[in-house]
Amino acid sequence: IYIHDEGESPEEKAHESEEIMMRTIITLDSKKISKKAACEMYGEADVNKMIREAKEAFLEDPNEESTWWMGNGMLTVEFR
């Protein structure tokens, strides 16, 4: 008995759900800092918002720099 499944193959479904994995690099005045350190200095909600904005900008134009003046230095978010 042959049953024809008109749905997509599991490989195709898995491919659609895959998200691009990017490494997030946070720097303060060109010195790399951890996300935890950034959250302690500026608040977790603000850091997550900056990362989200930087990711959106990166997906639109990978050459655009995402930098914010934080009062005590320039905070930059990059992706690799």
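Computed from a predicted model, the values in this text were never measured in an experiment.
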**Prompt:** Can you tell if the side chain of K55 reaches within under 4.5 Å of the side chain of V77, non-hydrogen atoms only?
**Reply:** no
**Prompt:** Mind checking whether M50 and I26 have side chains closer than 4.5 Å, heavy atoms only?
**Reply:** no
**Request:** Indicate the atoms forming the closest heavy-atom contact of K32 with T27, along with that distance.
**Result:** CA-CG2, 3.9 Å
**Complete:** Value for SG (C39) from CD1 (I33), rounded to nearest 0.5 Å, stands at 9.0 Å
**Request:** Answer whether the closest heavy-atom distance between the side chains of M74 and W68 falls below 4.5 Å.
**Result:** no
**Prompt:** For the side chain to side chain contact (heavy atoms under 4.5 Å, CB included) test, which of L75, D29, D46 pairs with M70?
**Reply:** L75
**Message:** Can you tell me how far apart OG1 (T24) and CD (E78) are? Round to the nearest 0.5 Å.
**Reply:** 10.5 Å
**Whether over 12 other heavy atoms sit under 6.0 Å from E44 CD** = no
**Complete:** The reported gap from CD in E64 to CG in L59 (rounded to nearest 0.5 angstrom) is 11.0 Å
**Fill in**
For I51 and F79 the tightest heavy-atom approach is O-CZ, 3.8 Å
